Amino acid sequence: MTYFFLLMDFASIEQKWQEKWYSNRIYEARKEKGRKYFIHFAYPGISGYLHVGHMRGFTYADIIARYMRMNGYDVIFPAGFHATGLPAVSLAKKVARGDEATIEYLRRNGCPEDIIEKLSDPVEVVKFFSRVYVEDYWKKFGFLIDYTRLMDTISPGYKRFIQWQFRRLHELNLLVQKPHFAPFCPNCGPVAVDRSETDISEGGDAEILEFVIIKFRMDDKILPAATLRPETIFGVTNMWVNDEVEYVIAKVGEEEWILSEKAAKKLSYQMDGVEVVGKIHGKELVGKKCMAPVVEREIPIFAAKFASPDIATGLVMSVPAHAPYDYVALRDIGMPVEPIVIIEIEGYEIPAKEIVEKMGIKNQEDVEKLEEATQIIYKEEFHKGIMNENCNGYAGMPVNDAKERIKEEMMSSGIASMMREFSKRVVCRCGEEVVIKRIPNQWFIKYSDEELTEKSKEWVKEMNIYPKEYKEELPKILEWYGDRACIRQGSWLGTPFPFDESWVIEPISDSTIYPAYYIISKYVNEGKIKAEEMDDEFFDYVFLGKGEAKNDVWKEIRKEFEYWYPVDINLGGKEHKTVHFPVFIMNHVAIFPQKYWPRGIFAHWWVTQKAGMKISKSKGGAKPIPDAAQRYGVDSLRLYYAHIGSPFVDIEWDDEAVEQYKKRIIRLWNLFEELVALEGKENKIDEWLAAAFNDKLLAAKEAMKEFELRKAANALFFEIPNIFSWYMKRGGENKSVVMELVKKWVRAIAPFTPHIAEEMWEKIGGDGFVSLQKYPGVEGIDKSILKAEELLISLTEDIDEIIKVTQIKPSKIYIYTAPQWKWDVVEIAKKLQQEKRLDMKNLMNEIKKMGVNMKEAAQFANKLIQQMRKEEFIRIDEKEYFETAKEFLEREFGANILIYSGDEECYDPANKRRHAMPYKPAIYIE
RNA sequence: GCGAGGGUAGCCAAGCCAGGUCCAAGGCGGCAGACUCAAGAUCUGCUGGCGUAGGCCAUCGCCGGUUCAAAUCCGGCCCCUCGCACCA
């Protein structure tokens with residue numbers, strides 16, 4: 001056995017079978033059986049090398065595809081690449097600017113030098129990594145993806161397809177135009193603010209905040225105070241300006257506003273007609289008064305350092321009762337005004353004052369604590385606060401309602417407006433600070449459309465969605481889903497927007513109905529149709545059945561589409577739950593007839609790194625996929641993904657665990673060799689083996705109905721091998737029975753660990769590829785024999801326990817099975833149970849008629865009633881069954897085994913036999 | 001906030017939807033034994049407590065409830081994680 005460990009050459013087994021599969025093109029979708037299954041995974045964005053965690057979902061898809069193929073479906077399992085969007089561009093830009101870490105990362109993953117040079121071009125990135133994904137990942141893992149259908153989202157044909165989609169959406173009135181606010185660099189134009197920081201050098205995790213600007217009047221000028229809490233206008237006591245800052249006077253429409261210079265600049269991107277006309281120093285404002293709107297109160301202007309010219313307008317209204325900053329700043333200057341409380345909240349009188357005192361905040365420089373205090377008060381008040389009597393018409397209203405209403409009211413009466421601002425500084429790669437720019441005529445896909453939302457929600461009810469929690473969640477997501485800005489400007493890869501080609505369709509919107517294109521991509525790849533030929537007429541015909549075919553290829557493609565569509569499973573990571581999957585559904589619903597709407601979604605969770613372990617460092621999960629495949633073997637990895645945890649929980653990558661699965665595979669191989677070497681004859685235990693095997697196979701198949709891969713893998717790779725082991729331990733050695741079951745088992749495991757399964761299949765002389773065999777069926781499962789063996793096992797456990805407790809070295813073990821009359825009572829009890837009148841009284845009444853020892857009978861009846869709630873009693877001849885296992889028992893315990901039925905005279909010195917019950921023989925050891 | 005998920009033995013992780021077969025699968029770790037010159041690998045057994053007869057007691061975040069019966073159902077509480085949009 002030991003040698004085999006060294007000889008187990010996963011790599012050559014994998015290579016051998018992959019070559020055979022691929023040269024025979026068994027992955028190709030063919031219309032043969034009249035039943036089809038369309039599965040695909042959310043195609044990956046091209047972001048560079050992937051790590052072992054990414055293979056989880058792909059592997060699930062392949063397992064399911066293989067399983068369905070073996071279950072008599074024509075399977076279409078295509079794949080492609082999402083080339084649009086940031087990742088590829090991001091990588092290319094990093095290479096272009098010679099980013100050291102990126103170059104090093106490429107080298108570490110074995111990227112050739114001449115390629116690295118080329119990768120400054122995003123198109124080259126797409127080209128190169130498409131190949132890597134196919135050759136180094138998917139094919140190495142043995143995926144039976146239909147490689148004739150590979151495609152990406154920047155090919156000419158795909159672009160035509162997307163333009164057709166958008167023209168359809170337009171016809172359906174699902175494209176709308178309205179103003180939008182987006183990140184913008186004054187030097188470079190539109191930029192993306194995202195965590196990968198492709199365009200920017202700082203602030204990738206910034207959010208866009210919506211400040212309300214409330215206009216305070218000061219003579220003929222406006223002091224625009226920016227706030228996130230417009231409802232606190234009722235508690236305003238003063239205005240804050242920074243007396244170390246020079247402000248500007250800017251014309252905003254007809255008005256003149258005083259605000260920081262930076263604010264004026266930012267605002268000029270968000271509204272028309274902002275023009276700086278003068279300057280005024282903060283010092284000059286301090287001591288003056290201004291008029292607060294809504295409450296119509298005259299309030300003083302004070303100086304505060306925390307009023308930063310970098311944030312919003314640089315002017316802050318002071319609400320000391322509810323804003324810790326304001327309270328502390330006022331306290332710093334000797335409390336010239338008193339806080340006005342406007343929100344009732346349990347546990348507080350003057351919230352800001354109390355929290356500041358409780359946290360021991362010294363002054364306005366104590367920023368960290370002030371931030372925390374602000375957060376606490378904000379949350380508490382927002383969720384639990386009620387506007388009090390100082391708030392006119394809003395008194396008694398919960399804060400979260402009042403906030404929106406006050407904002408709306410002030411906006412519509414012109415005393416407030418909006419300003420968007422990043423939650424933190426965002427700096428462009430060019431060094432300039434990124435601003436938020438108003439785009440007056442942004443195009444949106446109208447996902448808020450009521451009819452579309454309703455239809456989609458209804459359709460979700462018809463879909464197979466895994467996990468089922470997500471099925472519950474999806475309607476709520478669809479409801480919440482708002483219009484999506486679907487085009488943008490900048491140097492992106494993507495499809496030009498058909499109604500204004502200077503814009504590019506953004507990557508979420510160009511990847512909604514793409515599985516339909518897999519039908520066409522095959523013909524493109526084979527050169528049977530050219531992109532130029534694919535006009536709206538073509539797509540209308542192929543997808544909607546409108547108009548006439550211009551040639552036979554069109555007809556063939558239409559037939560293909562009709563056969564393969566709709567998608568049965570779209571599988572993707574949990575990150576798609578609120579982005580891709582909803583638009584996948586909605587666009588299908590909008591564009592296609594109902595019979596082509598998607599049938600299912602499978603959302604899987606992630607493989608994460610161990611806490612504190614950084615991705616892309618030498619240890620842990622960052623190891624390149626080909627290295628992991630080589631080190632552990634592909635089947636080990638596939639089994640690891642399938643079995644380490646439920647598909648619907650995150651798992652932490654763990655090298656040792658993978659190592660364990662590798663050992664498991666080797667052990668299984670050894671078991672397999674042992675089994676096929678058996679040359680013995682029949683035995684009673686053979687029946688049990690068949691029953692137990694089929695029972696577990698049934699469990700696996702049931703699990704696969706709901707794609708519970710883990711459950712199925714557990715039955716196939718752990719429970720069934722245990723059954724085989726137990727069989728041999730029990731003395732089983734029947735060649736024909738074992739071979740028949742091994743043949744089934746090898747087929748059953750093939751979807752999960754196909755390489756090792758093929759190797760086994762070949763060894764036992766199976767026909768063709770095991771991958772193309774029919775998945776094994778379940779034969780009759782004899783429950784009574786399963787139960788009998790179960791009783792035997794619990795008998796050995798009982799004997800073990802007695803030996804352990806008494807420390808007897810057994811020489812003879814007496815086993816007494818239950819007497820006939822007790823079984824008769826069981827029959828009576830079963831009858832009573834069926835009639836739903838099983839209780840002590842009724843049962844004893846019946847027993848009285850039998851003429852047995854009533855004291856013993858009462859004890860037994862009592863236990864029996866309890867037991868019958870838990871399990872069903874099947875009549876088993878325990879004595880006969882135990883006799884067949886006598887040799888085994890004698891071997892196990894090294895003692896003579898004597899088995900008596902409860903009805904025969906026998907040796908019983910300790911008076912044990914009267915305890916014997918059906919399913920619970922009495923035992924005496926000496 | 002909105003939406004979702006989770007807390008199970010030393011650790012990881014099933015079970016929970018469909019209550020009883022749960023003194024909680026499987027794995028890791030630990031202990032003992034077999035093989036071996038030895039180590040590793042492999043194999044076998046044990047791994048909550050008590051117990052000189054198969055038993056009893058404890059345990060599934062905390063508190064309470066429903067039930068003959070609760071890890072599982074219901075209510076409340078505490079704690080943790082994730083997504084929230086133009087980013088794939």
Side-chain angles (χ1 to χ4, degrees), chain A residues 1-2 4-6 42-47 82 84-88 90 180 182-183 192-196 198 204-205 207-208 378-379 382-383 400 442 444-445 447 467-470 472-473 476-477 479-488 506-509 511 572-580 582-583 605-606 608 643-646 648-652 654 656-657 659-661 663-664 666-667 670 710-711 714 717-719 722 725 729 787 790 794-795 797-808 839 865-872 910 912 915 920-925:
Chain A
M1 297 295 150
T2 325
F4 191 75
F5 180 74
L6 299 168
Y43 51 17
I46 303 277
S47 57
H82 197 196
T84 38
L86 279 181
S90 175
H180 183 58
V193 173
D194 79 315
R195 272 163 240 270
S196 72
T198 302
D205 56 347
E207 289 174 72
I208 295 180
Y378 179 87
K379 274 197 174 166
F382 183 79
H383 302 305
N400 56 3
Q442 171 71 43
F444 290 77
I445 298 178
Y447 291 120
K468 66 177 193 318
E469 288 80 9
Y470 182 46
E472 306 300 317
E473 192 184 355
K476 289 180 246 177
I477 295 170
E479 190 67 46
W480 154 88
Y481 217 91
D483 297 344
R484 182 177 186 93
C486 58
I487 58 174
R488 60 189 190 190
E506 63 84 32
I508 294 300
S509 304
S511 300
K574 65 175 179 178
E575 71 277 19
H576 296 299
K577 287 203 300 175
T578 53
V579 185
H580 170 247
V583 298
W605 267 234
W606 297 337
T608 59
H643 188 261
I644 187 72
S646 140
F648 315 120
V649 295
D650 288 332
I651 52 175
E652 264 181 17
D654 181 350
E656 282 181 39
E659 190 68 44
Q660 222 35 59
Y661 281 95
K663 288 182 192 164
R664 164 68 43 177
I666 293 167
R667 243 183 285 174
N670 292 339
R710 182 182 198 286
K711 222 183 230 182
N714 199 249
F717 290 88
F718 291 84
E719 292 173 348
N722 284 345
S725 297
K729 191 172 174 182
K787 189 70 208 175
E790 208 179 285
S794 66
L795 177 69
E797 285 168 356
D798 284 346
I799 294 172
D800 267 332
E801 188 160 351
I802 296 167
I803 291 170
K804 189 179 135 201
V805 172
T806 60
Q807 313 221 317
I808 296 171
D839 60 30
I865 289 172
Q866 283 179 39
Q867 207 57 30
M868 283 192 60
R869 287 204 184 102
K870 295 183 193 169
E871 64 184 332
E872 194 195 346
K912 291 287 179 193
H915 296 301
K920 188 87 180 164
I923 299 164
Y924 174 68
I925 299 176

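Side-chain atoms are counted along with the backbone in the values below, which use heavy atoms only and exclude waters and symmetry mates. Quick caveat: nothing in here was measured; it's all calculated off a predicted structure.
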Margin query: So is the aromatic ring of A/W480 stacked onto the base of B/A85, judging by whether the centres are under 5.5 Å apart and the planes are under 30° apart?
Written below: yes
Note to self: Which is more 5' along RNA chain B, the nucleotide nearest A/H576 or the one nearest A/G645? Just name the residue.
What the structure shows: A/G645
Check: If you measure only the distance, is there a donor-acceptor pair under 3.5 Å linking the side chains of A/E506 and A/S509?
Finding: yes
Check: Contact class for A/Q660 (heavy atom, under 4.0 Å): base, sugar-phosphate, or nothing?
Finding: sugar-phosphate
Next item on the list: Decide yes or no, distance alone: a donor-acceptor N/O pair under 3.5 angstrom between the base of B/C86 and the side-chain of A/R488.
Entry: no
Check: Taking the same atom, P, in B/C22 and in B/U67, what whole-Å distance lies between them?
Finding: 25 Å
Check: To the nearest angstrom, how far is A/W606 atom CH2 from B/C82 atom C1'?
Finding: 7 Å
Next item on the list: Can you figure out which of B/A13, B/G54, B/U42 approaches the side chain of A/K920 most closely?
Entry: B/G54
Notebook entry, point to check: What nucleotide, of B/A14, B/G26, B/G83, holds the atom closest to the side chain of A/T578?
Noted result: B/G83
Check: At under 4.0 Å between heavy atoms, what does A/R667 touch on the DNA or RNA strands: base, sugar-phosphate, or nothing?
Finding: sugar-phosphate
Note to self: Classify A/Y924 by what it touches in the nucleic acid, base, sugar-phosphate, or nothing, heavy-atom distance under 4.0 Å.
What the structure shows: base
Note to self: Looking at B/C2, which nucleotide sits across from it as a Watson-Crick or G-U wobble partner, both distances under 3.5 angstrom, or is there none?
What the structure shows: B/G83
Notebook entry, point to check: What integer distance in Å separates A/L86:CG from B/C86:P?
Noted result: 11 Å
Check: At under 4.0 Å between heavy atoms, what does A/I925 touch on the DNA or RNA strands: base, sugar-phosphate, or nothing?
Finding: base
Margin query: I need the single residue from A/Y447, A/Y481, A/W480 that forms a side chain to side chain contact (heavy atoms under 4.5 Å, CB included) with A/P582. Which is it?
Written below: A/Y481
Next item on the list: Over 60° means perpendicular and under 30° means parallel, so classify the ring planes of A/H82 and A/Y43, tilted if in between.
Entry: parallel
Next item on the list: Drop me the distance from A/E469's CD to A/K577's NZ, to the nearest 0.5 angstrom.
Entry: 8.5 Å
Item checked: Inter-residue atom distance A/R488.CZ - A/H180.NE2, 0.5 Å rounding -> 10.5 Å
Item checked: Of the listed nucleotides B/C87, B/A13, B/G54, the one nearest the side chain of A/I923 -> B/G54
Margin query: Among B/U44, B/C86, B/A13, which nucleotide has an atom closest to any side-chain atom of A/A485?
Written below: B/C86
Next item on the list: Would you indicate what A/H82 reaches in the nucleic acid, counting non-hydrogen atoms under 4.0 angstrom: base, sugar-phosphate, or nothing?
Entry: sugar-phosphate
Next item on the list: Hunt down the Watson-Crick or G-U wobble partner of B/G75, both distances under 3.5 Å, from any strand shown, or write none.
Entry: B/C63
Note to self: Nearest whole Å is fine: how far is B/C56 P from A/D798 CG?
What the structure shows: 12 Å
Next item on the list: Return yes if some donor-acceptor pair links the side-chain N/O of A/H580 with the main-chain N/O of A/S511 below 3.5 Å, else return no.
Entry: yes
Checklist line | Closest to side chain of A/I802, choosing from B/G54, B/A85, B/C28 | finding: B/G54
Note to self: Would the base of B/C82 count as contacting A/K574 through its side chain, where contact means a donor and an acceptor less than 3.5 Å apart?
What the structure shows: no
Margin query: What contact category does A/E469 fall into here, base, sugar-phosphate, or nothing, at under 4.0 angstrom with non-hydrogen atoms?
Written below: sugar-phosphate
Next item on the list: For A/T806, report the nucleic acid contact type (base, sugar-phosphate, nothing); a contact means any heavy atom under 4.0 Å.
Entry: base
Item checked: Under 3.5 Å on both distances, the Watson-Crick or G-U partner of B/G54 -> none
Next item on the list: Please state the P separation for the pair B/U72 and B/A9 - nearest whole angstrom.
Entry: 15 Å
Check: Any side-chain N or O of A/K577 under 4.0 Å from OP1/OP2 of B/A88?
Finding: no
Check: Which nucleotide in the list B/G3, B/C17, B/C87 gets nearest to the side chain of A/E473?
Finding: B/G3
Next item on the list: Would you mind reporting whether A/L795 and A/P921 have side-chain heavy atoms less than 4.5 Å apart?
Entry: yes
Margin query: Nearest heavy atom decides the nucleotide; on that basis, is A/H915 or A/F648 closer to the 5' end of RNA chain B?
Written below: A/F648
Next item on the list: Give none if B/G20 has no partner; otherwise give the nucleotide forming a Watson-Crick or G-U wobble pair with it, both distances under 3.5 Å.
Entry: B/C68
Check: Base, sugar-phosphate alone, or nothing: which one does A/S511 contact when heavy atoms must sit under 4.0 Å apart?
Finding: nothing
Margin query: Using the side-chain heavy atoms of A/K468, tell me which of these nucleotides is nearest: B/C17, B/A53, B/C86.
Written below: B/C17
Checklist line | Per A/E801 side chain, nearest of listed nucleotides B/G54, B/C87, B/C86 | finding: B/G54
Next item on the list: Report which part of the nucleic acid A/K787 touches: base, sugar-phosphate, or nothing (heavy-atom distance under 4.0 Å, all strands).
Entry: nothing
Check: So what does A/P582 hit on the nucleic acid, given a heavy-atom distance under 4.0 Å: a base, only sugar-phosphate, or nothing?
Finding: nothing
Next item on the list: Return the nucleotide paired to B/U36: Watson-Crick means purine N1 to pyrimidine N3 with N6-O4 or O6-N4, wobble means G-U with N1-O2 and O6-N3, both under 3.5 Å.
Entry: none
Notebook entry, point to check: Between B/G27, B/C86, B/A53, which nucleotide has the shortest distance from any of its atoms to the side chain of A/I808?
Noted result: B/A53
Next item on the list: Could you check whether A/A42 gets within reach of a base, just the sugar-phosphate, or nothing at all, counting any heavy atom under 4.0 Å?
Entry: nothing
Checklist line | Under-4.0 Å salt bridge between A/E790 and A/K787 | finding: yes
Note to self: Counting only Watson-Crick pairs (N1-N3 plus N6-O4 or O6-N4) and G-U wobbles (N1-O2, O6-N3), all under 3.5 Å, who is the partner of B/C46?
What the structure shows: B/G30
